[in-house]
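The block underneath contains the structure these notes are about, expressed in structure tokens.
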Amino acid sequence: MIKPIITDTHQLQQPSRLASRADLPLATDLKDTLTAHRDACVGMAANMIGVHKRVIIAQLGPLPVVMFNPTLTSKAQPYPVKEGCLSLTGQRPTTRYKRITVDFFNEHWQRQQLTLTDFAAEIVQHELDHCQGILI
Ligand SMILES: CSCC[C@H](NC=O)C(=O)O
């Protein structure tokens, strides 16, 4: 189901809790909501649709990837960048890493690990920050 986007920064600054298998249906809401904002948005964290669980979605290719309890297990080559966000106005400067490895549970609650570079890595870092209540 397409959910409304949260823009209240106080709410977005609350850290999210660990997700469980019971949160698997969130994947559908995240996919539906990301698809509805496809022209303006390449990723989303569950707290952007009002659910404070560590779940993100990232458009890493033609199909979006949903990650439950994602954790960064390596990061290399910091660089400065400016980013926007559907929940915020304007573009803001931050630092991202060019190459990351992220561990997570997939939509079938299987452990998975991805090594990502460049823009794909940037999206995942942005969404991981959301899980900690960090805005750009
Ligand atoms: C390049 S990282 C920017 C990600 C951002 N998503 C919001 O959480 C968006 O604009 O889709």
Side-chain angles (χ1 to χ4, degrees):
M1 190 185 291
I2 300 171
K3 299 287 185 179
I5 301 295
I6 305 294
T7 56
D8 178 291
T9 49
H10 178 73
Q11 197 175 330
L12 290 168
Q13 283 170 330
Q14 310 307 310
S16 293
R17 295 182 303 278
L18 275 180
S20 71
R21 282 172 188 265
D23 296 308
L24 283 171
L26 255 178
T28 306
D29 289 344
L30 284 168
K31 280 190 253 186
D32 290 350
T33 309
L34 183 72
T35 302
H37 293 280
R38 185 72 203 270
D39 53 337
C41 190
V42 289
M44 212 169 261
N47 65 350
M48 292 172 65
I49 58 168
V51 180
H52 288 264
K53 294 293 182 79
R54 294 184 59 85
V55 188
I56 67 172
I57 186 167
Q59 194 77 48
L60 302 181
L63 290 177
V65 177
V66 181
M67 303 182 184
F68 291 83
N69 297 331
T71 53
L72 218 56
T73 53
S74 78
K75 55 187 185 183
Q77 288 183 257
Y79 65 98
V81 69
K82 277 190 180 169
E83 289 175 359
C85 179
L86 206 54
S87 287
L88 304 169
T89 52
Q91 295 254 317
R92 302 176 187 199
T94 187
T95 300
R96 298 296 182 205
Y97 294 86
K98 189 175 166 56
R99 182 186 177 88
I100 63 164
T101 300
V102 61
D103 286 10
F104 59 95
F105 289 91
N106 67 16
E107 285 181 66
H108 309 289
W109 207 259
Q110 295 160 333
R111 273 188 180 279
Q112 209 175 320
Q113 184 179 77
L114 284 178
T115 294
L116 302 169
T117 59
D118 302 294
F119 194 55
E122 187 183 333
I123 300 167
V124 168
Q125 289 169 86
H126 179 109
E127 307 313 336
L128 279 166
D129 277 356
H130 272 300
C131 292
Q132 296 188 68
I134 296 169
L135 302 173
I136 313 163

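For ligands, and for the atoms within them, numbers begin at 1 and follow the listed sequence. No experiment lies behind these values; they were computed from the predicted model shown.
- With ligand atoms numbered from 1 in the order given, ligand 1 contributes 3 (C), 5 (C), 10 (O) to contacts under 4.0 Å with heavy atoms of G84.
- Minimum interatomic distance between Y79 and D118 (heavy atoms only, all atoms of both residues): OH-O, 4.1 Å.
- Separating the CD1 atom in I6 from the NE2 atom in H130 is a distance of 12.0 Å, to the nearest 0.5 Å.
- Here's the thing with G43: one of its N/O atoms is less than 3.5 angstrom from an N/O atom of ligand 1.
- Residues M44 and L12 are members of one and the same hydrophobic cluster, defined by side-chain heavy-atom contacts under 4.5 angstrom among Ile, Leu, Val, Met, Phe, Trp and Tyr.
- Remark: ligand 1 atoms within the under-4.0 Å shell around heavy atoms of M48 are 7 (C), 8 (O).
- Residue R96 is tested with Q77, E83, Q125 for a side-chain hydrogen bond (donor to acceptor under 3.5 Å, both in side chains); the sole match is E83.
- Atoms of ligand 1 found under 4.0 Å from any heavy atom of C41, numbered from 1 in the order shown, are 11 (O).
- Every atom of ligand 1 with a heavy atom of E122 under 4.0 Å away is listed here by number and element: 1 (C).
- Contact atoms of ligand 1 toward F119: 1 (C) (distance under 4.0 Å to a heavy atom of the residue).
- Side-chain N or O atoms of D103 include none that pairs as donor or acceptor with a backbone N or O of Q113 at under 3.5 Å.
- Where the criterion is an N or O separation shorter than 3.5 Å, residue side chain and backbone included, H126 meets it with respect to ligand 1.
- Interface atoms of ligand 1 facing C85, defined by a heavy-atom separation under 4.0 Å, are 7 (C), 8 (O).
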Exercise. Checking side-chain contact (heavy atoms from CB on, under 4.5 Å) for the pair R54/M67: CA distance, chi angles, key distance, verdict?
Worked result: CA-CA 8 Å; R54 294 184 59 85; M67 303 182 184; over 6 Å; no
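- Residues G43 and L34 approach most closely at N-CD1, 3.6 Å, considering heavy atoms.
- Ligand 1 has a nitrogen or oxygen under 3.5 angstrom from a nitrogen or oxygen of V42.
- Of the candidates H37, E127, E83, M44, the one placing a heavy atom closest to atom 4 (C) of ligand 1 is E127.
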